[in-house]
Engineer: 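Next up is a structure, given as structure tokens.
First the proteins, then the strands, lettered A, B, ... as listed; each starts at 1.
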Amino acid sequence: MIRDARVLQPEFVPREVQHRDAEVNQLTHALDPIVDGERGDTTFLFGPSGVGKTCIAQYTVEQLREAVVDIEHQYVNCWQNYSRFRALYRILEGLDGTVDVHRGSTPHDELLRRVREYDGPPYVVVLDEVDQLQDSAVLYDLYRVPKLSMILIANREEELFVDLDDRVASRLQSARRIRFDHYTEAELVAIMRDRVDWGLEPGAVSDALLRRIADAAAGDARVALGILRNAARDAARAGHDSVDPSTVTGAIPDARREIRQTTVENLTPHQRVLYDLLDEHGRQHAGELYERYREAVDDPRTKRTVRNYLSKLVQYDLVVAEGENRARTYRLTG
DNA sequence: GATCCACAGGAAGGGTTGGGGG
DNA sequence: CCCCCAACCCTTCCTGTGGATC
């Protein structure tokens, strides 16, 4: 039943994107100067998850690569590369592949110096989840690199600008902004239909089922494709030649869990304990949670450190903090 | 209404880590 | 081989806030 599983994978970038013409055009326009060897406009892509921000950024850069002879590009996920050092390291890595800069042996802004000295073809850097960057001043530094164009991706504009360095904020005030909204049900169905036609045997999934998946995904294409992928896999394993409604129903919680699971697996052991305690006991105040945590581990960290852990969990969208000061409680999302 | 208390989160400093140079 | 140094993590100390208590 499955012909090509790749097109259902989350990281797959389609050759043609659907329902994002306006956004693609705006981004292409912002990058136009690159065609003439100039620097492109700094551009923000804002919107909830699963609405195609990363996909459109990568797609547009790819288009540009086909149109322009010579550009360099690099994708940096700031969720994984959240420190100034790591982000700069990745950016330098995009330029010559190997970097012989190691922490400890080089003056602390050697990385930035090397990036600034860059004088090759135009360099397009996509900074995904840019709100996760600990030191936003790095954006200010990158802003001053002549050959470097930035595409910045984040969920919410307000949250991003709240803790931006003042210099950065004023510079980025003038940056272009492109907003992405949830997909409609019809758009999600069309996106899935396209992937189904490429990746599955004809007739494997009916439109009615795609509508059902779209409904469960609530405008999030990543969730929709996750459900579709799991449903197709389950049906294939069961030896069916098409997906039926009950398989879809079974795949919905799986897909949700899958997306969350990859995040949970990246937690440190201590963060994981906090996550599990919130899972087990539900909504809690910081005090009770800390007491349980202290019981649960051999070498408890201080309250201050646990507060840092919790704010990480909130940033990762695994935990919600509700209320202020004493009244604040923590619980898992969803 | 003054005081207390639990909590959030900033700032500063120390310890650990892990690479390169002497 | 040892030492140096920056990155990183954790702790300590601190200020600010708002609900609870008297």
Engineer: Under 3.5 Å, which donor-acceptor pairs link side chains of residues 182-191 of chain A to any protein atom two or more places apart or in another chain?
Structural biologist:
{"residue": "A:Y183", "atom": "OH", "partner": "A:V51", "partner atom": "O", "Å": "3.3"}
{"residue": "A:T184", "atom": "OG1", "partner": "A:E187", "partner atom": "N", "Å": "3.2"}
{"residue": "A:E187", "atom": "OE1", "partner": "A:T184", "partner atom": "N", "Å": "2.9"}

Engineer: Can you name the ring pair (Phe, Tyr, Trp, His ring centres under 6.0 Å) partners of A:F46, sequence neighbours left out?
Structural biologist: A:F44
Engineer: Just how far, in rounded Å, is P of B:dG18 from CZ of A:F85?
Structural biologist: 14 Å
Engineer: Check side chain to side chain donor-acceptor pair (under 3.5 Å) between A:D41 and all other residues, then give those that pass, not counting sequence neighbours.
Structural biologist: A:R176
Engineer: Would you indicate whether A:E62, at its atom CD, is surrounded by more than 12 heavy atoms from other residues, nucleotides or ligands within a distance under 6.0 Å?
Structural biologist: yes
Engineer: What is the distance, to the nearest angstrom, from the CD atom on A:E110 to the P atom on C:dA7?
Structural biologist: 11 Å
Engineer: I need the residues from residues 271-280 of chain A with at least one non-hydrogen atom less than 4.0 Å from DNA chain C; give them sorted by number, or say none.
Structural biologist: none
Engineer: Tell me the interatomic distance from A:K312, atom NZ, to C:dC9, atom C1', rounded to whole angstroms.
Structural biologist: 12 Å
Engineer: Going by heavy atoms closer than 4.0 Å, what residues in residues 281-295 of chain A are next to DNA chain C?
Structural biologist: none
Engineer: Without decimals, in angstroms, what is the distance between A:D135 CG and B:dA11 P?
Structural biologist: 12 Å
Engineer: By the ring-ring contact (aromatic ring centres under 6.0 Å, His included) test, which pairs, at least two apart or in different chains, include something from residues 241-287 of chain A?
Structural biologist: A:H270-A:Y293
Engineer: Side-chain polar contacts of residues 298-310 of chain A - donor-acceptor pairs under 3.5 angstrom, sequence neighbours left out - could you list them?
Structural biologist:
{"residue": "A:R301", "atom": "NH1", "partner": "A:D299", "partner atom": "O", "Å": "3.3"}
{"residue": "A:T302", "atom": "OG1", "partner": "A:T305", "partner atom": "N", "Å": "3.4"}
{"residue": "A:T302", "atom": "OG1", "partner": "A:T305", "partner atom": "OG1", "Å": "3.2"}
{"residue": "A:R304", "atom": "NH1", "partner": "A:N308", "partner atom": "OD1", "Å": "3.0"}

Engineer: Partners of A:W79 by ring pair (Phe, Tyr, Trp, His ring centres under 6.0 Å), sequence neighbours excluded?
Structural biologist: A:Y316
Engineer: Which residue pairs pass the side-chain hydrogen bond (donor to acceptor under 3.5 Å, both in side chains) test when at least one of the two sits in residues 117-127 of chain A, sequence neighbours left out?
Structural biologist: A:R113-A:E117
Engineer: Have a look at A:S311 and say if it touches a base, only the backbone sugar-phosphate, or nothing, with a 4.0 Å heavy-atom cut-off.
Structural biologist: nothing
Engineer: Any side-chain donor-acceptor pair under 3.5 Å between A:R292 and A:Q284?
Structural biologist: yes
Engineer: Check side chain to side chain donor-acceptor pair (under 3.5 Å) between A:H29 and all other residues, then give those that pass, not counting sequence neighbours.
Structural biologist: A:D32
Engineer: Summarise how protein sits on nucleotides 10-19 of chain C as a single string, 5' to 3': B when a protein heavy atom is under 4.0 Å from the base, S for sugar-phosphate-only contact, - for no contact.
Structural biologist: SBB---BBBB
Engineer: Can you list every ring-ring contact (aromatic ring centres under 6.0 Å, His included) pair that touches residues 226-253 of chain A, not counting sequence neighbours?
Structural biologist: none
